[in-house]
Structure formats: C-alpha cells, structure tokens
Number of protein chains: 2
Amino acid sequence: MVREPLGEEAAAELSRMFKALSDPIRLRLLSLIASHEGGEACVCDLIGPFGVSQPTISHHLKVLREAGLVGSERRGTWVYYWVLPEALAKLSALLEIPAVSAKAPA
Amino acid sequence: MVREPLGEEAAAELSRMFKALSDPIRLRLLSLIASHEGGEACVCDLIGPFGVSQPTISHHLKVLREAGLVGSERRGTWVYYWVLPEALAKLSALLEIPAVSAKAPA
DNA sequence: GACTTGTTTCGACGTCTGTCGATACAGTCG
DNA sequence: CGACTGTATCGACAGACGTCGAAACAAGTC
C-alpha cells in the first residue's frame with residue numbers, strides 16, 4: 001500500500017473484502033468462528049449471541065463466504081464455517097505500514 | 001480475533017474503520033497518500049487520478065478522517081493529509097491469524 | 001411417506017451511501 | 001477591497017445494504 005498506489009482492479013477486489021468486514025455482526029461472526037474450538041463452527045452455534053433473526057445471520061455468512069473470507073461445508077444436518085487464513089493474511093499485510101515511510105504519529 | 005470473540009463495542013469501533021476501507025476510491029486515496037513523498041499529500045494531488053468530482057473526493061477524505069485513519073492540516077492555501085499508522089496497525093494486528101489455530105487452507 | 005429440525009432463499013421495507021452540481025468558506029494576490 | 005484558487009458543505013437523487021417474516025430446501029427420524 002505504501003510502496004506504490006493501489007491499482008484500480010486491486011482496490012476493487014480488496015474493497016470487497018473490507019466491505020465484508022464493515023459490519024459489526026460480521027466481524028463478530030468471523031471472530032466467533034475463528035475462536036471456536038477446532039477453528040470451525042456450525043451455524044447453530046452462531047445464531048444465539050446476536051439479537052437478530054436466523055435468516056439475517058445466514059445472509060451475513062453468505063457475504064463473508066462470497067468475499068472469500070470463510071469457507072463452508074454441509075456435513076449431515078449441519079453446515080460448518082471456517083476462516084480462510086490466506087484471505088485475512090492478505091488484508092493484514094496490506095495494512096502493515098513500514099515505520100520509516102510513515103509520518104510520526106501525533 | 002482468534003483468542004476470544006470480539007465484544008460488541010470493539011466490533012462496532014472496528015467495523016467503522018473497515019467501513020472506511022470498503023470503498024475502492026478510499027482505498028486508493030489512502031494508498032496514494034501513504035505512498036506519496038514525505039508520507040503526506042495535498043488534496044490537489046488527489047483529485048486528478050479518479051474519475052469523480054472534487055466534492056466526492058472531499059467526502060471520501062472526510063470519511064477516512066472521521067474513521068481515524070488519516071490526519072489533516074491546512075497549511076496556507078492547501079490542505080494536507082497523512083496516514084495515521086497506529087490505526088492501520090491496529091487493524092492489521094486484528095487480522096493476523098496464528099497458523100496454529102486456523103484450519104489448513106484447502 | 002410424513003413430520004421435525006437446521007439452513008437458505010425470497011420479497012419487502014426503511015435507512016445508509018456514493019455521486020453530482022451549486023454554493024459557501026479560507027487564504028492569497030493584485 | 002475584490003478577484004481568484006483550493007477545499008468543504010449542502011441538497012438531491014439513484015442504488016446498495018441490513019433487517020424481517022414467510023416460504024423453500026436439505027437431511028434425519030419415525
């Protein structure tokens with residue numbers, strides 16, 4: 001991000017990922033999935049903690065999935081979700097600012 | 001993010017920052033500012049590269065500023081913007097997934 | 001097959017967001 | 001002061017987004 005200006009296409013793809021993270025419920029969902037035992041969670045584990053309806057949770061999970069941040073699989077009755085670490089690593093690396101090139105914080 | 005589920009307040013604050021990054025033009029603005037000589041850029045350097053009007057750029061800069069991602073200062077005729085590295089570092093750290101706890105990538 | 005539980009999709013609604021042109025504000029120069 | 005340049009704000013509009021209840025789909029059980 002610091003070395004050279006982001007190209008139009010790269011910015012478009014990255015902004016789609018950040019958009020998926022721009023909702024508090026989706027952030028908490030991601031965190032809940034990532035911190036869940038085994039690194040994955042069933043949808044049924046995710047509908048409790050939030051004050052929204054189950055279809056809304058399903059919608060948010062779809063957004064995370066289409067952004068490439070999580071993977072999902074049906075195993076019998078339940079659907080499981082897990083975080084795709086490569087995607088998060090990509091975003092994390094983008095936001096790393098070499099201390100040298102940044103103006104000193106106020 | 002992996003160690004424990006994000007709290008409601010933390011998620012709200014972080015989602016505001018990610019929302020600021022969820023627009024391709026804002027991402028490119030941020031990158032343009034960060035990669036600019038001296039780590040800061042005048043607004044007049046930023047209105048050229050995009051196919052949108054000057055008020056729109058000004059609006060996007062305001063969003064970045066209110067999200068705490070950039071600082072700004074008027075110096076004479078021009079207004080300068082620079083990246084606040086602490087904010088980006090905070091987001092970057094959040095997205096770092098310890099390889100151990102993540103499910104292996106497909 | 002019929003019933004039950006878990007999950008997704010659909011359709012609708014109000015709200016938020018990105019964009020613009022017009023306008024206001026800030027500072028510089030005659 | 002008056003004109004001019006750089007930047008921010010305002011008001012309006014179309015489109016996207018988060019949410020819900022209802023309904024559809026999937027898989028297991030009787």
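Each chain gets a letter, A, B and so on, in the order the sequences are listed, and its residues count up from 1.
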Do B:I47 and B:V52 touch side chain to side chain, with heavy atoms closer than 4.5 Å?
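Heavy-atom side-chain distance check fails, nothing below 4.5 Å.
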Validation row: A:L88, A:L30 side chains within 4.5 angstrom (heavy atoms)
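In short, these two side chains touch, coming nearer than 4.5 Å.
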For DNA chain C, whose closest nucleotide is more 5', that of A:W78 or that of B:G76?
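Closest to the 5' end, via its nearest nucleotide, is A:W78.
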Check the distance between [N]'s [atom2] and [X]'s [atom1] and give it to me in whole angstrom.
| X | N | atom1 | atom2 | answer |
| --- | --- | --- | --- | --- |
| A:L21 | D:dC17 | CG | P | 14 Å |
| B:D45 | D:dG6 | CG | C1' | 12 Å |
| A:R74 | D:dC25 | CZ | P | 13 Å |
| B:L46 | D:dT7 | CG | C1' | 12 Å |
| A:R16 | D:dC17 | CZ | P | 12 Å |
| B:I47 | D:dT7 | CD1 | P | 7 Å |
| A:D23 | C:dT17 | CG | C1' | 14 Å |
| B:R28 | C:dG18 | CZ | P | 15 Å |

Output yes when at least one side-chain N/O atom of [X] is less than 4.0 Å from OP1 or OP2 of [N], else no.
| X | N | answer |
| --- | --- | --- |
| B:S53 | C:dT19 | no |
| A:Y80 | C:dT7 | no |
| A:R26 | D:dG18 | yes |
| B:T56 | C:dT19 | no |
| A:K19 | D:dC17 | yes |

Which atom names give the shortest non-hydrogen contact between B:D45 and B:P49, and what distance separates them?
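Distance-wise, the nearest heavy atoms are O-CD, 3.8 Å.
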Under-4.0 Å salt bridge between B:E13 and B:K90:
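Yes, charged N to carboxylate O under 4.0 Å.
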Taking 4.0 angstrom as the limit, do B:R75 and B:E40 come out as a salt bridge?
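Yes, charged N to carboxylate O under 4.0 Å.
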What's [X] touching, base or sugar-phosphate or nothing? Going by heavy atoms closer than 4.0 Å.
| X | value |
| --- | --- |
| B:T77 | sugar-phosphate |
| A:I25 | sugar-phosphate |
| A:F50 | nothing |

So how far is it from A:I25 CD1 to A:L61 CG, rounded to the nearest 0.5 Å?
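Atom-to-atom, A:I25:CD1 and A:L61:CG are 10.5 Å apart.
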B:P55 side chain: which of D:dA26, D:dT9, D:dT7 is closest?
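Output: D:dT9.
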Could you identify which residues of residues 59-69 of chain B place a heavy atom less than 4.0 Å from some atom of DNA chain C, listed by residue number, or say none?
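Within this stretch, B:H59, B:H60 sit under 4.0 Å of the strand.
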Would you confirm whether B:R65, through its side chain, and B:V70, through its main-chain N or O, come within 3.5 Å as a donor-acceptor pair?
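No: the side chain of B:R65 does not pair with the backbone of B:V70.
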Under a plain distance cut-off of 3.5 Å, with no hydrogens placed, do A:S92 and B:S92 share a side-chain donor-acceptor pair?
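Side chains of B:S92 and A:S92: pair found under 3.5 Å.
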